[in-house]
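Proteins come first, then strands; the chains are lettered A, B, ... in the order of their sequence lines, and each starts at number 1. Values below: all heavy atoms of this structure, side chains included; hydrogens, waters and symmetry mates excluded.
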Amino acid sequence: MKEVVLWSPEEVTGWLMENAVPEYCEPLRGFTGRDLIDLTEEDFKRTPLSRVSSDSGQRLLHMIETLKMAHHMEAHKNGHANGHIRGGGGENGFGGKAKLNGVPNGFKKEMIKIPMPEPERSQYPMEWGKTFLAFIYALSCFVFTTVTISVVHERVPPKEVQPPLPDAFFDRFDRVQWAFSICEINGMILVGLWFVQWLLLKYKSIISRRFFCIVGTLYLYRCITMYVTTLPVPGMHFKCSPKLFGDWESHLRRIMKLIAGGGLSITGSHNMCGDYLYSGHTVILTLTYLFIKECECLADQSFLTEGIIAVLGDSPRRLWWYHWLCWALSMVGMFCILLAHDHYTVDVVVAYYITTRLFWWYHTMANQQVLKEASQTNLLARVWWYKPFQYFEKNVQGIVPRSYHWPLPWPALRRGRPVKYSRLASDT
Amino acid sequence: MNTIETAKLEEHMEGQTNETSNGYSRPTLSVSEENKNGTNKPKGLSNGLRKTAKKYPDYIQISMPAEARNKFPLEWWKTGIAFVYALFNLILTTVMITVVHERVPPKELSPPLPDKFFDYIDRVKWAFSVSEINGMILLGLWICQWLFLRYKSIVGRRFFFIIGTLYLYRCITMYVTTLPVPGMHFQCAPKLNGDSQAKVQRILRLISGGGLSITGSHILCGDFLFSGHTVVLTLVYLFIKEYSPRHFWWYHLICWLMSAAGIICILVAHEHYTVDVIIAYYITTRLFWWYHSMANEKTLKVSSQTNFLSRAWWYPIFYFFEKNVQGSVPCSFSWPISWPPSCFKSSCKKYSRVQKTGEDNEKST
């Protein structure tokens, strides 16, 4: 429908007929849309309208108002919540101001469009591009760390010249040889569990973006602390590879080997020394545990099939045993690092502190809208990574719900559980 | 029909409690009166019981949120507790330094660790005095500034708490792993090997000298990770900047320069490893910003699922200190001590004018 102001007299007449007020066709003959809108009560007091109108034009004026409203709403899609009419008919005695959402009283045929506030975009947009950027950042930090380890290795004083530093834990606990393997196995289990959990998350991209940002930054910090001061080896059992003294090709090969093995001793890739302050193993153990715990689900009933419900229990609240298992894995892993005399105690303490603080800081800022803007009172915004953080998180409105869904479509399930799905299918 | 609907709405509203923000009047009114007043009574017309309105037709009751008490209560006793906490941690640190000193390997056995900064910059002997002098000047400036603050107790409480916690952290990192001396120039006092009395004497000497080498009190080694001097330099600068007017940019700049120069001089003097200074700076700034963000933001003061900042171990202590402080402490200043009115004739005049107006009011009513 055209705008009312642009209506020709024929259209006006047509509208009058449509709305069952043909008595006005004659007096309003020749009225364009604009004239129709300009009708006021005064006009109904004079002839010729006073003759044909029984209620001094109340009903017709009401209809005209509704018409204007309908056009007004159509012209302005975005959230005029009450569809108020501009200027015009608000002052008439029939409660023009408090009109409810577009449904006038006593109208039969007129279709009123009720504008719904259209969500311009999702509250939690996926934005895989940003996640990819974060992944690149984390990857480059990992590579940089590897290069730094390789460089620092050259500067580690030999253990004959610089014996291991006195450590409060080492004084009380003797070395246990297999403990470091336990730590690394725990780490691998935790990373695996976190990966599986991540696959099932609904808002994968947002959560993984955060993971990459945080782990990248932690490894960047680690590069700095490792590089500036080189601690000696924590124990005489260390077998450090020989120094290379400028042989770039071998350096490169070592770096490749370290990356390929994931920096783990268990894969035999990590036989370089010097990367003690602070402990990367502690970072991974702590961080995966924190992420697992935060993304623990209030699992969605509809998502879980009957089989899984049977295993997990009827009311899938918090999977407390899973949470405790991960915590135990993490704690035991950290304890084993020290037991194996593979890191100084201060390395583990500092790593734990920095990891937890950074995680909590980032997530608090991400959860509170008010902290996403820099202001006098928002001191959290003074960190150096605030601008990148804003870039990553500015479109995420509010707290990301911890909801899960199957990552892939399950055609087989349909056959297996016909009752549930067929009910849904019949509705649509 | 419209008016009928409105009347129905009125009845529905009346069924709710008196605290409905829109204060709809009771449905005993005639419909025409309803129409006159319109359905959208403004927010302030609260609980407009018709009876009251009839008695005082021109009175409109606007409900104000009751200002129960002062927004920034002084609560000096809490500041006292914070002071005791800081003092306790300072003493604990001193004891810890004495203990750790016994474990430091002799520099012949354990030479200084390789440090990037030391590789590039050679030692300058007088640099550490510069650093300590800067620290003392900054501390003096901060105390002066603090004396003139209006909300001394609140700011003092925060300072004591933060510095206490930082020194507590320092105790832990110092104790667990002992770093060797950063340079061969160190003259460490001889080890005592169990002589408790001499240890206590050393502790007292260290406390009385404020832990500074310039006073000759700090002859002990081993307190390297992390650097206490950096903590004080950074923290005092942060407090000075936070609690002074924003347009004092020259003042901020000077303090920043002093602080930065002090920190660099620590390294130039080869008195601490670079990692000590970096970690000290990191922990100090993070703790300061964390604490103040929690204190300024109402939503962060309450412990909730989404407020991760409240998961710090010191959150209950923080909450105890800051729960009565409503919002961000304004940067206002006042004379540290109140002058007796007889000293200032002009201010007496001011008071008498106020008194006069007050008396006039009393006379009229």
Side-chain angles (χ1 to χ4, degrees), chain A residues 93-95 97-100 104-106 152 155-157 161-163 165-171 221 224-232 234 277-278 294 344-350 353-354 356-365 367-368 370-371 376-383 399, chain B residues 1-3 5-6 9 35 38-40 100 103-105 109-111 113-118 169 172-180 182 225-226 242 246 273-279 282-283 285-293 296-297 299-300 305-312 327-328:
Chain A
F94 45 86
K97 277 213 179 79
K99 262 211 176 72
L100 306 171
N105 293 326
V152 164
R155 294 157 33 110
V156 175
V161 172
Q162 181 82 270
L165 301 176
D167 190 288
F169 191 93
F170 296 175
D171 293 343
Y221 285 166
I224 298 174
T225 58
M226 259 198 311
Y227 179 70
V228 287
T229 306
T230 317
L231 264 55
L277 195 71
Y278 49 86
E294 280 325 302
Y344 292 106
T345 316
V346 76
D347 306 342
V348 173
V349 167
V350 169
Y353 180 85
I354 296 187
T356 46
R357 268 37 178 186
L358 186 61
F359 180 87
W360 291 336
W361 193 296
Y362 190 103
H363 278 79
T364 306
M365 287 217 288
N367 286 342
Q368 312 264 358
V370 70
L371 296 175
Q376 260 306 86
T377 56
N378 178 19
L379 283 91
L380 294 182
R382 298 196 191 176
V383 286
I399 302 162
Chain B
M1 277 186 68
N2 217 355
T3 46
E5 288 209 6
T6 316
L9 203 59
N35 270 346
T39 48
N40 285 0
V100 164
R103 291 153 39 110
V104 175
L109 221 59
S110 209
L113 301 176
D115 189 288
K116 260 299 151 194
F117 193 91
F118 296 176
Y169 286 164
I172 298 174
T173 58
M174 255 196 318
Y175 176 69
V176 286
T177 305
T178 315
L179 265 56
L225 195 70
F226 50 88
E242 184 69 18
R246 283 180 63 193
Y273 292 106
T274 316
V275 75
D276 307 341
V277 169
I278 289 179
I279 290 185
Y282 180 85
I283 296 186
T285 45
R286 268 35 177 189
L287 186 61
F288 180 85
W289 292 335
W290 188 296
Y291 188 100
H292 278 78
S293 297
N296 288 342
E297 203 54 57
T299 47
L300 297 176
Q305 264 300 89
T306 58
N307 178 18
F308 294 85
L309 293 188
S310 60
R311 299 201 189 174
S328 172

Q. Hey, mind stepping through A:Leu277 and B:Ile279 against side chain to side chain contact (heavy atoms under 4.5 Å, CB included) and telling me if it holds?
A. CA-CA 11 Å; A:Leu277 195 71; B:Ile279 290 185; 4.1 Å; yes
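- With a 4.5 angstrom heavy-atom cutoff, B:Tyr282 touches chain A only via side-chain atoms.
- Contact detail for B:Tyr169 and A:Arg357: the closest heavy-atom pair is OH-NH2, 3.5 Å.
- Residue with the most contacts toward chain A among B:Ser110, B:Gly327, B:Ser310, B:Ala312: B:Ser110 (heavy-atom pairs, distance under 4.5 Å).
- Between A:Tyr353 and B:Ile283, some side-chain heavy-atom pair lies under the 4.5 Å cut-off.
- Across all their heavy atoms, A:Asp167 and B:Arg103 have their closest contact at C-NH2, 4.0 Å.
- Only the side chain of A:Val350 comes within contact range of chain B, judged by heavy atoms closer than 4.5 Å.
- Contacts between A:Asp347 and chain B at a heavy-atom distance below 4.5 Å are absent for every atom of the residue.
- Remark: B:Tyr273 OH to A:Leu231 CG distance equals 8.5 Å, nearest 0.5 Å.
- Contact of A:Ile399 with chain B is made through the side chain alone, with heavy-atom distances under 4.5 Å.
- Using a 4.5 Å cut-off between heavy atoms, B:Leu300 contacts chain A through its side chain alone, with no backbone atom that close.
- Here the side chain of B:Glu297 pairs no donor or acceptor atom with the backbone of A:Asn378 at under 3.5 angstrom.
- Using a 4.5 Å cut-off on side-chain heavy atoms (C-beta onward), B:Pro105 and A:Pro166 make contact.
- To the nearest 0.5 Å, atoms OG1 (B:Thr274) and OH (A:Tyr227) are separated by 10.5 Å.
- Checked against a 6.0 Å centroid threshold, the rings of B:Phe308 and A:Tyr362 do not count as neighbours.
- In terms of heavy atoms, A:Leu165 sits closest to B:Pro180 at CD2-CD, 3.3 Å.
- Proximity to chain A (any heavy atom under 4.5 Å) is restricted, for B:Ile278, to the side chain, taken from C-beta onward.
- Heavy atoms of B:Ser328 lying under 4.5 Å from chain A belong exclusively to its side chain.
- Residues A:Gln162 and B:Pro111 come closest through the heavy atom pair NE2-O, 2.9 Å.
- The distance from atom NZ of B:Lys116 to atom OG1 of A:Thr230, rounded to the nearest 0.5 Å, is 8.0 Å.
- Here the CG-CD distance, from B:Asn307 to A:Gln368, works out to 6.0 Å after rounding to the nearest 0.5 Å.
- Rounded to the nearest 0.5 Å, atoms CG (B:Leu309) and CG (A:Asn367) are 10.0 Å apart.
- The OG1 atom of A:Thr229 sits 3.5 Å away from the CG atom of B:Asp115 when rounded to the nearest 0.5 Å.
- Chosen from B:Val104, B:Val100, B:Leu225, B:Val275, the residue pairing most often with chain A at heavy-atom distances under 4.5 Å is B:Val275.
- Contact of the A:Val383 side chain with the B:Trp289 side chain is registered, since non-hydrogen atoms from C-beta on lie closer than 4.5 Å.
- Side chains of A:Val346 and B:Met174 form no contact here, defined as non-hydrogen atoms less than 4.5 Å apart.
- Neither the backbone nor the side chain of A:Tyr278 comes within less than 4.5 Å of any heavy atom of chain B.
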